[in-house]
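A note on names: the letters A, B, ... follow the listed sequences, proteins ahead of strands, and every chain is numbered from 1. Values below: all heavy atoms of this structure, side chains included; hydrogens, waters and symmetry mates excluded.
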There are 2 protein chains.
Amino acid sequence: MTYQAPLKEIRFVLNSVVGLDKVAAYPAFEAATPDLVDAVLEEGAKLADNVLAPLNVAGDRQGAKLTDTGVRTPDGFKDAYRQFVEGGWNSVPFDPDHGGQGLPWTLFIALLETWTSANMSFALGPLLTQGAVELLTAHGSDEQKTRYLEKLISGEWAGTMNLTEPQAGSDVGAVRTRAVRQDDGTYRISGQKIFITYGDHDWTDNIVHLVLARTPDAPAGTKGISLFIVPKFLLNADGTPGERNDAYCVGLEHKLGIHASPTAVMSYGDKGACVGYLVGEENRGIEYMFTMMNNARLGVGLQGVSIGDRAYQQALAYAKTRVQSRDVAGGPQPVTIIHHPDVRRMLLTMRSKVEAARAIVYFTAASLDGRHHHPDAEAAKQAGLLNDLMTPVAKAWSTDIGVEVASLGVQVHGGMGFIEETGAAQYYRDARIAPIYEGTNGIQANDLVFRKLGRDGGATARALFALMAETADAAAAQPGDDLAVIAQGLKRGIAALEDATSFLVDHVKADARAAAAGAVPYLTLFGNVAGAFLLARGAIAANQALAQGQDAAFHEGKLITARFFVEQVVGPSLGLAELIRTGHRTLMALSEEQF
Amino acid sequence: MTYQAPLKEIRFVLNSVVGLDKVAAYPAFEAATPDLVDAVLEEGAKLADNVLAPLNVAGDRQGAKLTDTGVRTPDGFKDAYRQFVEGGWNSVPFDPDHGGQGLPWTLFIALLETWTSANMSFALGPLLTQGAVELLTAHGSDEQKTRYLEKLISGEWAGTMNLTEPQAGSDVGAVRTRAVRQDDGTYRISGQKIFITYGDHDWTDNIVHLVLARTPDAPAGTKGISLFIVPKFLLNADGTPGERNDAYCVGLEHKLGIHASPTAVMSYGDKGACVGYLVGEENRGIEYMFTMMNNARLGVGLQGVSIGDRAYQQALAYAKTRVQSRDVAGGPQPVTIIHHPDVRRMLLTMRSKVEAARAIVYFTAASLDGRHHHPDAEAAKQAGLLNDLMTPVAKAWSTDIGVEVASLGVQVHGGMGFIEETGAAQYYRDARIAPIYEGTNGIQANDLVFRKLGRDGGATARALFALMAETADAAAAQPGDDLAVIAQGLKRGIAALEDATSFLVDHVKADARAAAAGAVPYLTLFGNVAGAFLLARGAIAANQALAQGQDAAFHEGKLITARFFVEQVVGPSLGLAELIRTGHRTLMALSEEQF
């Protein structure tokens with residue numbers, strides 16, 4: 001099954017839902033003319049369709065391997081990365097002062113969607129480099145920027161993020177890797193890190209590891225962690241890679257999915273001296289990490305969209321060709337299974353959730369652009385608050401639906417879905433990591449409730465709800481039955497979400513366990529209603545286009561998909577508000593021994 | 001991670017929820033004394049814990065292999081099967097006239113739960129033999145019974161079910177395999193079958209394939225299909241296996257899960273002459289298949305319970321030992337993750353859904369025993385109707401929650417869940433087949449709505465709802481807050497289910513597409529409310545036990561789990577009734593081209 005980047009869908013969301021034109025109008029993005037945006041999308045899609053997608057299945061079967069000379073990615077991956085770098089794709093959203101193209105995240109996320117759909121294992125690699133770029137752009141010294149940043153932006157070198165240790169997963173403050181300052185100002189790093197994505201590979205002639213470690217007299221917990229640059233090869237005076245640093249991949253994990261993406265156990269300073277360079281000041285490593293957290297989480301949220309869309313495309317193609325059983329309300333001849341109502345229900349569930357998740361992720365990306373580049377300071381501040389609020393929703397909701405959609409994709413295929421050669425099973429396996437890494441979805445939900453609602457008593461959330469209500473009113477003012485249903489459903493959703501928000505804001509401090517108990521159901525409800533809000537925006541635009549006689553087949557699809565989402569996803573979830581108010585009472589009632 | 005059969009849970013359901021004592025009181029089951037039941041459960045659990053469970057992980061890694069001399073199951077499986085047969089476990093629920101032990105299905109299903117939890121791939125094998133036993137018991141000639149049935153009941157030989165062909169999956173009527181009658185009364189079989197579970201293996205010295213095929217002049221569709229016995233080895237005059245029949249496994253599927261269970265492509269009559277023996281009369285093969293359908297579907301539904309319980313046991317053990325992050329309402333020290341409310345929520349979701357599914361499957365098994373053995377003819381008839389109604393719910397609801405629970409099990413483990421060595425990922429992979437085979441869950445939902453509601457206008461369903469209402473009243477009459485909440489939640493659930501039932505009964509004929517559109521959501525709601533009903537029964541028993549001072553820790557657990565299920569599972573699902581009434585409108589609105 002081949003992948004085709006859904007450019008029409010993507011353009012619709014960019015133009016009619018999140019307003020790329022408004023983002024592109026920021027002075028920083030003067031390069032992002034409509035013509036350029038179009039060309040970039042077209043070319044990026046070709047990379048996805050023609051270079052990355054064909055490697056996806058073979059990469060899964062072959063997997064990344066640890067050899068005597070380091071990690072070897074599957075056949076074709078190294079060459080695909082070369083094409084990726086040569087096309088300038090690694091530098092799209094970065095600072096032109098260091099060789100980036102300075103294009104909006106809102107556009108970049110659309111590209112990244114197609115690459116990730118095409119080959120999630122491949123697209124993970126650049127995602128890590130991107131994190132390193134963000135960190136060094138914000139916190140690196142001028143010398144560090146000169147020596148590392150431009151190579152990372154071009155993609156000539158790759159970056160990694162080294163946070164996790166066996167006892168320090170969600171709790172990054174528990175890091176034990178040591179960093180001891182030397183007389184020359186460098187540090188000696190020693191310790192082991194696990195789950196290091198692309199911790200080693202054969203793509204680049206250097207890898208820049210960003211490593212969290214603890215200096216000997218650092219305070220306990222998160223306030224005692226520092227951030228270090230640990231290059232795989234130390235740099236010569238002229239900036240070229242020289243002596244091998246003592247930073248080695250000593251093992252690869254045997255994983256459920258994303259087999260082509262090496263997940264490394266990294267050992268630092270085990271063979272001799274591992275040299276690290278402090279980023280910024282000691283003990284501020286966690287604070288620096290937060291710089292790239294929103295982007296990284298958005299990138300993972302996008303994986304839910306991408307794998308979901310890939311699974312949908314494949315299930316749809318199967319449903320249109322597989323002939324089985326007669327139409328429940330038709331003649332005696334067997335029909336393609338897309339004629340069966342329950343197959344339709346599964347396909348529309350997949351489609352509407354992917355569209356909602358895409359809209360949520362792109363909307364969040366637009367707030368990221370606003371935060372950094374809106375010319376009005378107050379507007380930029382508001383965009384930043386919105387970005388903070390939406391990021392955990394974009395990450396967790398989208399990756400939850402990614403798993404669900406991939407599972408439905410298997411189901412649409414029937415028995416063939418369970419056979420690996422079909423391909424649907426790979427999405428089901430690959431999708432499963434996204435709710436876990438970059439902060440589990442439980443962590444995201446706690447972030448949403450305790451940090452994001454907690455810090456302003458829900459003010460940012462309520463401002464968003466007011467925006468949603470405006471859209472509901474605008475939808476209600478449109479002609480047609482579909483928009484009326486969508487408006488009504490969205491209003492009910494907002495009411496439920498406001499109700500749940502009030503309860504949680506009241507309990508964040510007063511009864512933290514009750515707030516934590518409701519966090520995941522709240523995030524689900526939040527995502528459902530935010531999805532309905534953005535699909536309603538699209539439905540309004542579609543209705544207007546229909547009134548003007550534009551592309552009826554496509555725009556009717558938008559109306560029906562939005563209505564389906566409101567009726568079949570949002571409606572049945574309104575009871576979550578009551579669950580949040582009452583469900584916490586039993587949660588901690590049993591002692592540990594009673595389990 | 002080792003498995004431990006949850007005998008205390010199983011006994012509670014058998015005794016306090018489904019009433020094994022009433023079943024054991026049928027004259028046919030006079031052997032099933034309480035002492036014998038206890039001994040059988042203990043010994044069966046030992047087989048699960050000590051023989052089958054230790055082979056589960058290695059079996060997954062090694063997988064079944066096709067060799068020049070046939071299929072080889074993973075190391076240890078053949079010997080485990082030998083122990084299984086020597087212990088008499090294959091014959092538990094079968095007719096004593098042919099060597100069976102004549103014990104209730106209600107008891108056998110409890111044993112099968114533990115074997116399937118221990119090793120789903122292994123336990124599938126006997127499930128297929130069991131289907132063959134059912135078929136031949138009901139429809140075999142006396143000679144066929146003499147020659148095949150006793151060997152199948154003892155487990156000396158194994159059975160297989162050959163329905164599926166590439167174009168005939170859910171639509172069994174599309175079978176093309178041919179059967180041509182010979183002068184000696186035998187048939188020559190020719191054709192290929194796919195997805196044949198345990199189509200070949202190294203466990204037994206003969207395999208009895210039951211094959212659906214079409215005679216040359218048979219009518220089209222399901223009314224032209226006949227059933228044949230096709231032994232791997234033809235029998236000598238003395239009944240021992242003789243000449244090799246032309247029935248070969250020509251390929252094994254490369255599957256997402258249940259790797260140790262061979263899924264064969266079977267070829268009949270390709271090398272020479274494949275001899276088959278007609279079962280019963282020509283053209284009645286589908287009708288005969290229905291004989292074993294309820295049992296087989298129940299066995300697959302049980303797989304959801306089993307894999308769910310295994311996933312729960314492992315996630316719970318991890319949650320009790322994994323230390324990570326501080327208590328949200330506690331001190332600064334990190335705690336085991338079972339102290340985190342969202343981990344509790346996941347564990348209680350897993351636990352309550354597994355308990356509900358177990359109760360549903362066992363309750364359905366009890367109706368199967370009633371159908372065949374209740375001494376009162378009218379009561380037996382009612383049990384049969386209830387069994388027909390509940391079977392699709394038991395199959396589909398339990399396997400849906402099996403996938404969900406296995407996925408939650410991965411999530412509880414965080415990053416470790418994605419690593420194959422942990423084991424949680426295997427359950428996620430293995431669980432995924434159960435919603436597909438033995439009739440996809442979409443087929444089950446259509447069966448529930450069109451056949452089971454349709455045939456009596458919902459009368460059997462309403463009789464069950466009345467029974468549920470009695471339990472709700474009994475719960476409301478109990479002292480205590482938990483029972484009050486459970487009673488209230490169950491009543492709301494029954495009301496929603498009655499509402500949805502009325503809509504569907506009205507539309508089965510009048511608007512089949514609308515009925516089909518709501519079928520899966522209806523089955524979900526049905527399972528949720530049926531689960532609440534049976535957990536409420538258990539909660540009443542637990543409340544009474546608590547009042548008598550019996551085992552407070554255990555019985556409080558029952559109350560809290562039932563309450564959690566009502567609050568967090570049933571409550572938020574009540575909106576499905578509205579979805580069923582309204583959601584169908586958009587389902588077929590788009591043309592095929594608009595997808």
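The residue among P572(A), G221(A), A220(A), G575(A) with the most heavy atom pairs within less than 4.5 Å of chain B is P572(A). No other option in A517(A), G415(A), G442(A), G571(A) has as many heavy-atom pairs under 4.5 Å with chain B as G415(A). For the set A589(B), G169(B), G557(B), the entry with the most heavy-atom pairs within less than 4.5 Å of chain A is G169(B). By number of non-hydrogen pairs under 4.5 angstrom with chain B, the leading residue of E593(A), R429(A), R326(A), H413(A) is R429(A). If you tally non-hydrogen atom pairs under 4.5 Å between each of G414(A), A424(A), S407(A), P332(A) and chain B, the highest count goes to S407(A). Your options are H340(A), K320(A), R563(A), Q167(A), and the one with the most heavy-atom pairs under 4.5 Å with chain B is K320(A). The candidate with the highest count of non-hydrogen atom pairs below 4.5 Å against chain B, out of I194(A), V410(A), L574(A), is V410(A). Annotation: maximal heavy-atom pairing with chain A below 4.5 Å, among I338(B), V328(B), V323(B), I433(B), occurs at I433(B).
Interface remark: A168(B) contributes backbone atoms only to the contact with chain A (heavy atom separation under 4.5 Å). Both the backbone and the side chain of A516(B) have a heavy atom closer than 4.5 Å to some heavy atom of chain A. Of the two parts of A552(B), only the backbone, made up of N, CA, C and O, holds a non-hydrogen atom closer than 4.5 Å to a non-hydrogen atom of chain A. Both the backbone and the side chain of A553(B) come within contact range of chain A, each with at least one heavy atom under 4.5 Å from a heavy atom of that chain. In this structure, chain A has no heavy atom under 4.5 Å from any part of V172(B). Proximity to chain A (any heavy atom under 4.5 Å) is restricted, for Y312(B), to the side chain, taken from C-beta onward. Proximity to chain B (any heavy atom under 4.5 Å) is restricted, for F450(A), to the side chain, taken from C-beta onward. At a 4.5 Å heavy-atom cutoff, the contact between F195(B) and chain A is made by side-chain atoms alone. For Q426(B), no part lies under 4.5 angstrom from a heavy atom of chain A. Within the 4.5 angstrom heavy-atom criterion, only side-chain atoms of T336(B), from C-beta onward, approach chain A. Contacts between L316(A) and chain B at a heavy-atom distance below 4.5 Å involve the side chain alone, from C-beta outward. Neither the backbone nor the side chain of M346(B) has a heavy atom closer than 4.5 Å to any heavy atom of chain A.
Pairing each heavy atom of F418(B) with each of D430(A), the nearest pair is CZ-O, 4.5 Å. Here the closest non-hydrogen pair linking T582(B) and E567(A) is O-OE1, 3.7 Å. Closest non-hydrogen pair, Q324(A) versus D171(B), comes out as OE1-N, 2.9 Å. Here the closest heavy-atom approach between residue A512(B) and residue A329(A) is recorded as CB-CB, 4.5 Å. Looking at every heavy atom in both residues, R344(B) comes nearest to L590(A) through NH1-O, 2.8 Å. Here the shortest heavy-atom pairing between H339(A) and M588(B) reads O-CE, 3.4 Å.
With hydrogens and angles disregarded, a donor-acceptor distance shorter than 3.5 Å links the side chain of Q568(A) to the backbone of G583(B).
Remark: D327(A) engages R513(B) in a salt bridge, criterion side-chain N to carboxylate O under 4.0 Å. The pair R432(A)-E420(B) does not count as a salt bridge, with every side-chain nitrogen at least 4.0 angstrom from each carboxylate oxygen.
Taking NZ of K255(B) as the reference point, atom OG1 of T422(A) lies at 12.5 Å (rounded to 0.5 Å). Rounding to the nearest 0.5 Å places OG of S170(B) at 7.5 Å from CZ of R322(A). Within the model, atoms CG of D481(A) and OG1 of T586(B) stand 10.5 Å from one another, a figure rounded to the nearest 0.5 Å. Here OG1 of T263(B) is found 6.5 Å from CD1 of I419(A). Values are rounded to the nearest 0.5 Å. A distance of 5.5 Å separates OG of S325(A) from CD1 of I443(B), quoted to the nearest 0.5 Å. How far CG of D342(B) is from OG1 of T440(A): 7.5 Å, rounded to the nearest 0.5 Å.
Side chains of P435(B) and Q411(A) form a contact here, defined as non-hydrogen atoms less than 4.5 Å apart. Between F595(A) and R351(B), some side-chain heavy-atom pair lies under the 4.5 Å cut-off. With contacts defined as side-chain heavy-atom distances shorter than 4.5 Å, the pair V520(A)/R345(B) qualifies.
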